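A note on names: the letters A, B, ... follow the listed sequences, proteins ahead of strands, and every chain is numbered from 1. The structure displayed is predicted, hence computed values, not measured ones. Just so you know, these numbers use all the heavy atoms, side chains as well, and skip hydrogens, waters and symmetry mates.
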2 protein chains.
Amino acid sequence: MPDRPTSRDVARLARVSRTTVSLVLNNVPDVHISPETRQRVLEAARQLNYYPDASARRLVSGKTSTIALVWHRGPDQMYRDAFLPGLLQGATRAARRYGYYILFRPIEPDEPDDAWVELARGRHTDGLILSGPRSDDTALLDLHREGFPLVLHGQLPGADIPSVDVDNEQGAMTAVRHLLALGHRRIGMITNAPLAYTASRQRLEGYRRALEEAGLPFDADRVRYGNFDEESGRQAMESLLSLEERPTAVFIASDMVAIGALRALREHGLRAPEDMAIVGFDDIATARYLTPALTTVHVPAFGLGWGAAELLIRIIEGDLPNETQVRLETQLVVRESCGAHVR
Amino acid sequence: MPDRPTSRDVARLARVSRTTVSLVLNNVPDVHISPETRQRVLEAARQLNYYPDASARRLVSGKTSTIALVWHRGPDQMYRDAFLPGLLQGATRAARRYGYYILFRPIEPDEPDDAWVELARGRHTDGLILSGPRSDDTALLDLHREGFPLVLHGQLPGADIPSVDVDNEQGAMTAVRHLLALGHRRIGMITNAPLAYTASRQRLEGYRRALEEAGLPFDADRVRYGNFDEESGRQAMESLLSLEERPTAVFIASDMVAIGALRALREHGLRAPEDMAIVGFDDIATARYLTPALTTVHVPAFGLGWGAAELLIRIIEGDLPNETQVRLETQLVVRESCGAHVR
DNA sequence: ACGTGTTACTGACACGTGTTAGTATACACC
DNA sequence: GGTGTATACTAACACGTGTCAGTAACACGT
């Protein structure tokens, strides 16, 4: 590999100082350089195919122009993978727009939870997007207190760290309202995950509020708990089917879990939506291709990624928005499993 | 934000020179430092919570310890997104293992095709994985000629650039052999994409060879061309159904295309596998949840990512393997759509 | 003729680290 | 007692850039 040209080489070729090269190539405003010289520098740079060295630039400017997306893998791995392409595309598009690069850093289950800290402390990045944060992470709180730019994807109750998430409660309410509007009165629910997860509590709360709004009692007997995967949905539905008074509709707060629930129905010779109406949550790629096609609450993965990156970059550049807790709206996607189209 | 500690601060606190700090913290071999001093330095670093500055380190060492994954978006965007989580996880895991970071850089359709070149020329990364390369990319050939470490995901016929890909031809042969073993003799094919794509040609060739092997003639009348998406599959199947002698089985070289084809069958009141056996290719996440569950050729996305990263890192570190064209094996996943379980 | 301001540049420092060449001391060997 | 060698460190350079302070040349108004 031949030696890379440096700004010194460009300067030599254009017969100016290195300073002038820097001033011209960076288009520094309010500086007087004659058009001829300017032209000579540009020509020399072109001729040598000169690209400034990123490391040197980072060092002297103190800016890495990089943000990291930290992706915690855990029991919800498969669930979260469904949003990765959209989220990543949103984040990279926003980053690109503001001149930032994206460093992708998954944290595997066998790594310490704070393995990402070196990215911040070692100045690898100007800021971090943390997806799937844990509240017991003291390193996280420390960094935030020191003023290091952070944005969470998901929520951490109790801390005022900037975050981007979907409005889970509203989403769940929309789903249940839809079932109510279709005439259902015995509506069950299967959560997406145990209630230790904030999103689970919020979706459950949305279900409760929608019932309340319709003047229906909340009955804990009609609620089962999913655990991210298909199998948990199958078991939960099994359990609901053994009730004396079976619900006529079930809101399932995760599409993956709903897939298992639908399988349980089939195994019992029951059909959706005729025997039981189903509404899911997430709108994973598979949802539209299921039989019956799953009515579900769409989560805007691209928007979450974009929002997180944009918020983070604003914080980095000191342009603090007055609202740092961003909640995106969901959208109900009506397909077949709710029965809206059969009547 | 309080001033970050530097190695000078650590040196001062431990009452040694900055050199000694560097030697101790980097565990430089064959250097004599007394155990007491060593301990003092480590303690000082711990106390100050010192992390070395990544930019400075990069500049002086000439190594970025970063590899970029360049992700071309194009007409096949949806198709390729299906593999992103697996590929990315494989690549990051391998990178991590060797101490590298991953920079993710999608190239949007509205960007110039060689927008990624600055990553190499500007020394942002030590090497690149290019996914979805275009053969008309002269910048690519230039960089390769200059010895810049590159690995392609996918193939570029004619150039000897290191690459990692799936063995498309073998995969297709396995699929068609399976249909042959089930007794089918009139087997059609729908390609995954136009023949301008290398993978399409290879999968078609696998189909042809499997027929030949069984002593059956290749009949171009039974071949239709998909174009990545569902709709192209629907149309292709429509066309096959209008044949006088309908095939009894169809090998569809892309699951997304197969989804459209299955829809066409349903629209005609036909059932798979009873009226027509189907085998797909890719094993996207949705495949197992379709009705009927799609028999398909599994593409090891994780392995592709891992393989690409590992190969690239070896090249970067000058440890050239003798085979730089890596072809991973596929695996046939037998589900319902092929009819293997009904007989 | 003289001060003032503008134009067009340049010299030198700083960023924080890894590393090479070198120094001072202690110790062993004949 | 001198020579050689291992030990335990350090001073100084280099990486390639952005930028501040400074300088020389020249125009302009009085």
Side-chain angles (χ1 to χ4, degrees), chain A residues 1 3-42 44-45 48-65 99 118 120-126, chain B residues 1-42 44-45 48-66 99 118 121-124 126:
Chain A
M1 211 163 5
D3 269 3
R4 254 171 43 89
T6 71
S7 65
R8 179 169 284 102
D9 298 323
V10 177
R12 214 169 354 234
L13 184 59
R15 279 164 296 127
V16 293
S17 70
R18 221 178 44 68
T19 305
T20 304
V21 172
S22 176
L23 295 177
V24 169
L25 295 185
N26 293 320
N27 254 314
V28 177
D30 301 327
V31 78
H32 305 280
I33 310 260
S34 73
E36 299 80 37
T37 307
R38 213 170 267 275
Q39 193 50 43
R40 250 190 5 262
V41 170
L42 291 172
L48 294 176
N49 200 16
Y50 168 74
Y51 285 77
D53 182 282
S55 306
R57 207 174 224 186
R58 286 176 181 217
L59 177 58
V60 70
S61 72
K63 285 213 47 165
T64 64
S65 294
E118 55 132 5
R121 301 240 179 247
R123 280 229 176 114
H124 284 86
T125 68
D126 296 335
Chain B
M1 215 165 359
D3 268 4
R4 255 172 42 90
T6 71
S7 65
R8 179 168 284 104
D9 298 323
V10 177
R12 214 170 352 234
L13 183 58
R15 279 165 297 127
V16 292
S17 72
R18 220 178 45 67
T19 306
T20 304
V21 172
S22 175
L23 295 177
V24 170
L25 295 184
N26 292 320
N27 252 316
V28 177
D30 299 329
V31 79
H32 305 281
I33 311 260
S34 74
E36 298 81 38
T37 307
R38 212 170 269 275
Q39 194 50 45
R40 247 188 9 261
V41 170
L42 291 172
L48 294 176
N49 199 17
Y50 169 75
Y51 285 76
D53 183 282
S55 306
R57 205 173 226 187
R58 286 174 180 218
L59 177 59
V60 69
S61 71
K63 284 213 49 166
T64 64
S65 294
T66 302
E118 54 132 6
R121 301 240 178 247
R123 281 229 175 113
H124 284 85
D126 296 335

Output the rounded distance in Å from CG (L59(B)) to C1' (dC15(D)). 4 Å
Regarding I33(A), tell me which of base, sugar-phosphate or nothing describes its non-hydrogen contacts under 4.0 Å with the strands shown. sugar-phosphate
Between T64(A) and D126(A) (side chain of the first, backbone of the second, donor and acceptor by atom type, cut-off under 3.5 Å), is there such a pair? yes
Spacing between K63(A) atom NZ and dA14(C) atom P, to the nearest angstrom: 24 Å
Take T66(B) and R58(B), measure what side chain to side chain donor-acceptor pair (under 3.5 Å) needs, and give me the verdict at the end. CA-CA 10 Å; T66(B) 302; R58(B) 286 174 180 218; 3.1 Å; yes
How does DNA chain D read in dot-bracket, base by base from 5' to 3', with Watson-Crick or G-U pairs under 3.5 Å and | used when the partner is on another strand? ||||||||||||||||||||||||||||||
Okay, side chain of R4(A), backbone of R121(B): is any donor-acceptor separation there less than 3.5 Å? yes
Within the 4.0 Å heavy-atom criterion, would you say S55(B) contacts the bases, only the backbone, or no part of the nucleic acid? nothing
Across the strands shown, which category fits V16(A) at heavy-atom distances under 4.0 angstrom: base, sugar-phosphate, nothing? sugar-phosphate
Output the rounded distance in Å from CG (L25(B)) to P (dT19(C)). 13 Å
Donor-acceptor pair, distance only, cut-off 3.5 Å: does the side chain of R40(B) make one with the backbone of A14(B)? yes
In whole angstrom, what separates R121(B)'s CZ from dG16(D)'s P? 16 Å
Going from CZ on R12(B) to OG on S17(B), what distance comes out if it is rounded to the nearest 0.5 angstrom? 13.0 Å
Which nucleotides of nucleotides 17-25 of chain D have their base under 4.0 Å from a protein heavy atom (B), which only their sugar-phosphate (S), and which neither (-), written as one string 5' to 3'? BBBB-----
Just wondering, do V41(A) and L13(A) contact through their side chains at under 4.5 Å, heavy atoms? no
Between T19(B) and S22(B), does a side chain to side chain donor-acceptor pair (under 3.5 Å) hold up when you go through it step by step? CA-CA 5 Å; T19(B) 306; S22(B) 175; over 6 Å; no
Whole-Å distance, R12(B) CZ to dG16(C) C1', equals 13 Å
With the side chain counted from C-beta on, respond yes when D53(B) and T6(B) share a heavy-atom pair under 4.5 Å apart, and no when they do not. no
From NE2 of H124(A) over to P of dG16(C), roughly how many Å is that when rounded to an integer? 15 Å
What I'd like to find out is whether the side chain of V24(B) reaches to under 4.5 Å of the side chain of L42(B), using heavy atoms alone. yes
Check whether any side-chain nitrogen or oxygen of S34(B) sits under 4.0 Å from OP1 or OP2 of dC9(D), and answer yes or no. yes
Give the rounded distance in Å between these two atoms: CG of D30(B) and P of dT20(C). 12 Å
Using atom NE2 of H32(B) as one end and atom P of dA6(D) as the other, report the distance to the nearest whole Å. 8 Å
